[in-house]
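The structure appears below as structure tokens.
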Amino acid sequence: MMRRCVSELARRRRPDRTVDTLKAGFQCLVNTSSSVRATDRLRCSNTYSTLCATDPDVLSQEASSSEMLVDSFGRFHNYLRISLTERCNLRCQYCMPAEGVELTPKTELLSHDEIIRIANLFVTSGVDKIRLTGGEPTVRKDIEDICLHLSGLKGLKTLAMTTNGIVLSKKLPKLKECGLNALNISLDTLVPAKFEFMTRRKGHSKVLESIDAAVELGYNPVKVNCVIMRGMNDDEICNFVEMTRHKPINVRFIEFMPFDGNVWNVKKLVPYAEMLDKVRQSYKGVERLQDHPTDTAKNFRIDGHAGTISFITSMTEHFCAGCNRLRLLADGNFKVCLFGPSEVSLREPIRSGVDDAGLKEIIGAAVKRKKAKHAGMFDIAKTANRPMIHIGG
Ligand SMILES: Nc1nc2c(ncn2[C@@H]2O[C@H](COP(=O)(O)OP(=O)(O)OP(=O)(O)O)[C@@H](O)[C@H]2O)c(=O)[nH]1
Ligand SMILES: C[S@@+](CC[C@H](N)C(=O)[O-])C[C@H]1O[C@@H](n2cnc3c(N)ncnc32)[C@H](O)[C@@H]1O
Ligand code: SF4
Ligand code: SF4
């Protein structure tokens, strides 16, 4: 069965199909087939390699990429999320407890130079996309300098940021000059009073200003991240869809996920299918787009709208088979899965004088231990992880 599927992939290979599509198809087969024996996995993996062997994109990727970034399911990780800080100028209910979180002492946080050293190691090994997150990345005083150094790393194509937009509009022109070329801004409500309730802080109009500033500066699309919680903002889904009518933005409705201290409950989760239903009841011509195999989002266009909408369905339809993401936390811990509790420190070996080969060994071993998929929302909710503000999404 497995062999037949892989040959089918090979037979259907066409120049207009990207290698990523083939790779994701291959990964889905491996990850979803519980009956696949190790020998079959190997055979499939070889078939996949043969499929790709003549593709110039793959040849060049393989020449520059490292085994360190491939996990035991054949997933290649080209996307590193770096959490720059545990601090934030908001206190979102879904992300952190009201009383705040324990902060790591400053001496145990990665320095600017340590961040650049680790990022450089990943980029020279094949990472071509870095996302800066937090906490709130824009509260770091050296954020422009960090962007400048990271965007200068040879081989990095995308330097992205996820931000709450509170102080972004002022900083954005400089950040763009420093090489920030992709932007996701979080906004969960269009009602100022609700914003204050959800984030426990003021600043709604500043976030709206930042979204407009980002559009004016040519970020396209500006992605707007909207965590939907039942009884809180699920009545605003269509108002957010309306924002895409004239603005070239991509509004992404995110299923509420459980993390330490965010009082997750399945009753507060609005499943993807229900959100999509709501949109379809109010809009005609809602059409699914072709997603990239490594996308976190399921993407849709709506007839006549300048922008698009998406759903990030981590809880009801996970997308782990195409996972290409790794995480470096502000304290220097390396985390291979958003929901995997296991972490390994890169800060300690660096401060004990490890060389790059030693660091690569530590990283590679952690990547190889990565699980095929997360454990499911009910198990995740029972397992100790960190508060989201420490992980960065
Ligand atoms: N389950 C899961 N959720 C993720 C992962 N990466 C990001 N998310 C969630 O997706 C939502 C949006 O995250 P972003 O920081 O905008 O990152 P992204 O979705 O990778 O953004 P793009 O690179 O623009 O696609 C947040 O709720 C994240 O926690 C992941 O690897 N697994
Ligand atoms: C942790 S924040 C860090 C970056 C920045 N402070 C911001 O809010 O955009 C990264 C992303 O995770 C999302 N997020 C936080 N807690 C979440 C949760 N419990 N479920 C789903 N998404 C969550 C936020 O909405 C944001 O888009
Ligand atoms: S989601 Fe972002 S803005 Fe909100 S508390 Fe968490 S880190 Fe801060
Ligand atoms: S839950 Fe873990 S394996 Fe699944 S997509 Fe997210 S980081 Fe990747």
Side-chain angles (χ1 to χ4, degrees), residues 75 77-98 100-101 129-140 158-168 181-188 195 198-201 203 207 210 219 221-229 233 250 252-265 268-270 291-292 294-299 310-320 322-327 330 335-340 370 373-374 377 380-381 385-393:
R75 291 175 296 195
H77 296 78
N78 68 318
Y79 174 1
L80 179 68
R81 302 175 62 96
I82 303 180
S83 171
L84 290 179
T85 177
E86 297 173 350
R87 293 177 184 275
C88 188
N89 40 13
L90 296 181
R91 294 281 180 278
C92 304
Q93 293 193 25
Y94 52 68
C95 179
M96 64 189 296
V101 292
K129 172 171 173 177
I130 289 180
R131 174 171 302 283
L132 303 176
T133 177
E136 175 49 38
T138 58
V139 304
R140 246 188 106 123
T158 307
L159 179 60
M161 182 186 284
T162 302
T163 166
N164 61 27
I166 291 286
V167 296
L168 185 71
N181 58 17
L183 204 52
N184 299 359
I185 302 176
S186 303
L187 177 68
D188 310 299
F195 179 90
M198 286 184 82
T199 67
R200 305 184 181 109
R201 292 289 184 276
V207 185
S210 291
Y219 285 93
V222 174
K223 297 187 184 178
V224 175
N225 283 346
C226 182
V227 179
I228 296 294
M229 295 168 79
N233 57 352
N250 170 220
R252 309 195 307 166
F253 300 108
I254 304 176
E255 288 181 344
F256 178 38
M257 308 187 286
F259 291 93
D260 284 14
N262 77 352
V263 204
W264 183 88
N265 180 317
K268 296 184 200 162
L269 166 75
V270 184
D291 309 323
H292 190 276
T294 59
D295 266 352
T296 51
K298 294 174 176 54
N299 304 300
S310 308
F311 299 88
I312 298 185
T313 63
S314 310
M315 298 294 96
T316 63
E317 273 189 42
H318 72 74
F319 33 81
C320 301
C323 186
N324 66 341
R325 291 166 291 279
L326 298 170
R327 291 168 170 82
K335 196 171 173 72
V336 293
C337 175
L338 178 60
F339 295 115
K370 179 161 172 161
K373 56 185 184 201
H374 70 61
M377 57 183 159
I380 292 171
N385 195 350
R386 293 223 208 187
M388 178 58 132
I389 188 167
H390 276 185
I391 307 173

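Atoms within a ligand are numbered from 1 in the order they appear, just like the ligands themselves.
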Do [X] and [Y] touch side chain to side chain, with heavy atoms closer than 4.5 Å?
| X | Y | result |
| --- | --- | --- |
| T163 | E136 | yes |
| R201 | I166 | no |
| C88 | V139 | no |
| N385 | I380 | no |
| T138 | M161 | yes |
| K268 | Y94 | no |
| M315 | H374 | yes |
| F259 | L338 | yes |

Can you tell me how far apart [atom1] ([X]) and [atom2] ([Y]) are? Round to the nearest 0.5 Å.
| X | Y | atom1 | atom2 | answer |
| --- | --- | --- | --- | --- |
| C226 | F311 | SG | CZ | 10.5 Å |
| M198 | L187 | CE | CG | 9.5 Å |
| H390 | M96 | NE2 | CE | 8.0 Å |
| D188 | F253 | CG | CZ | 11.0 Å |
| N225 | N184 | CG | CG | 5.0 Å |

*asked:* Measuring from non-hydrogen atoms of G135 to any atom of ligand 3, is the shortest distance under 4.0 Å?
replied: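 Yes.
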Within a distance under 4.0 Å of any heavy atom of [X], pick out the atoms of ligand 1 and give their elements.
| X | value |
| --- | --- |
| M257 | 27 (O), 29 (O) |
| G393 | 28 (C), 29 (O) |
| M388 | 29 (O) |
| T162 | 14 (P), 15 (O), 16 (O) |
| I312 | 10 (O), 11 (C), 12 (C) |
| F339 | 1 (N) |
| S314 | 1 (N), 2 (C), 3 (N) |

Considering only protein heavy atoms, which is closest to [atom], and at what distance to one decimal place?
| atom | result |
| --- | --- |
| atom 32 (N) of ligand 1 | F319 CE1, 3.7 Å |
| atom 7 (C) of ligand 1 | R81 NH1, 3.5 Å |
| atom 6 (Fe) of ligand 3 | C95 SG, 2.4 Å |
| atom 26 (C) of ligand 1 | I254 CD1, 4.1 Å |
| atom 20 (O) of ligand 1 | Y79 OH, 2.7 Å |
| atom 8 (N) of ligand 1 | T296 CG2, 4.2 Å |
| atom 22 (P) of ligand 1 | R131 NH2, 3.2 Å |
| atom 31 (O) of ligand 1 | R325 NE, 2.5 Å |
| atom 5 (S) of ligand 3 | C92 N, 3.2 Å |
| atom 3 (N) of ligand 1 | L338 CD2, 3.4 Å |

Practice item. For M96, counting its heavy atoms only, list the atoms of ligand 3 lying under 4.0 Å from any of them. Key: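 Selected atoms, number and element: 5 (S).
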### Query
T158 side chain to A160 main-chain N or O, any donor-acceptor pair under 3.5 Å?
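Looks like no, no N/O pair under 3.5 Å.
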Test item, T133 contacting ligand 1 (heavy atom, 4.0 angstrom):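 Contact check T133 vs ligand 1: negative.
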- Is the distance from atom 4 (Fe) of ligand 3 to the nearest N/O/S atom of C88 under 2.8 Å?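 It does not; every qualifying atom lies at 2.8 Å or beyond.
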Any idea which residues sit under 4.0 Å from ligand 2, heavy-atom distances?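 Within 4.0 Å of ligand 2, protein side: Y94, C95, T133, G134, G135, E136, T162, T163, N164, S186, N225, V227, I254, E255, F256, M257, F259, N262, M388, G392.
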**Request:** Answer side chain, backbone, both or neither: which part of M388 comes under 4.0 Å from ligand 3, heavy atoms only.
**Result:**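 Looking at M388 and ligand 3, no heavy atom falls under 4.0 Å.
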Check: Quick one: which of R252, K373, K223 has a heavy atom closest to atom 12 (C) of ligand 1?
Finding: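 It is R252 that holds the nearest heavy atom.
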Exercise. Do you see a donor-acceptor pair shorter than 3.5 Å between the side chains of S310 and N299?
Worked result: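 N299 and S310 do have a side-chain donor-acceptor pair below 3.5 Å.
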Could you report the tightest heavy-atom contact between S83 and G135, atom names first, then the distance?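 Nearest pair, atom of S83 first, then G135: OG-N, 4.4 Å.
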Looking at every heavy atom in both M377 and P258, which two are closest together, and how far apart are they?
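So the minimum-distance heavy-atom pair works out to O-CG, 4.0 Å.
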F319 and its side-chain contact (heavy atoms from CB on, under 4.5 Å) partner, picked from D295, T294, T296, D291: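 Result: among D295, T294, T296, D291, T296 is the only option passing the side-chain contact (heavy atoms from CB on, under 4.5 Å) with F319.
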**Asked** Between K129 and Y79, is NZ or CZ placed under 6.0 angstrom from the six-membered ring centre and within 45° of the ring axis?
**Response**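 Yes - K129 lies over the ring of Y79, closer than 6.0 Å to its centre and within 45° of its axis.
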Check: Would you say R327 and ligand 1 have an N/O pair spaced under 3.5 Å apart?
Finding: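 Yes; at least one N/O pair falls below 3.5 Å.
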Side chain, backbone, both or neither: which part of N225 comes within less than 4.0 Å of ligand 1 when only heavy atoms are counted?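 Answer for N225: side chain.
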- [ ] Please state which part of K129 comes within less than 4.0 Å of ligand 1, counting heavy atoms only: side chain, backbone, both or neither.
- [x]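 Within the 4.0 Å criterion, K129 contacts ligand 1 through side-chain atoms alone.
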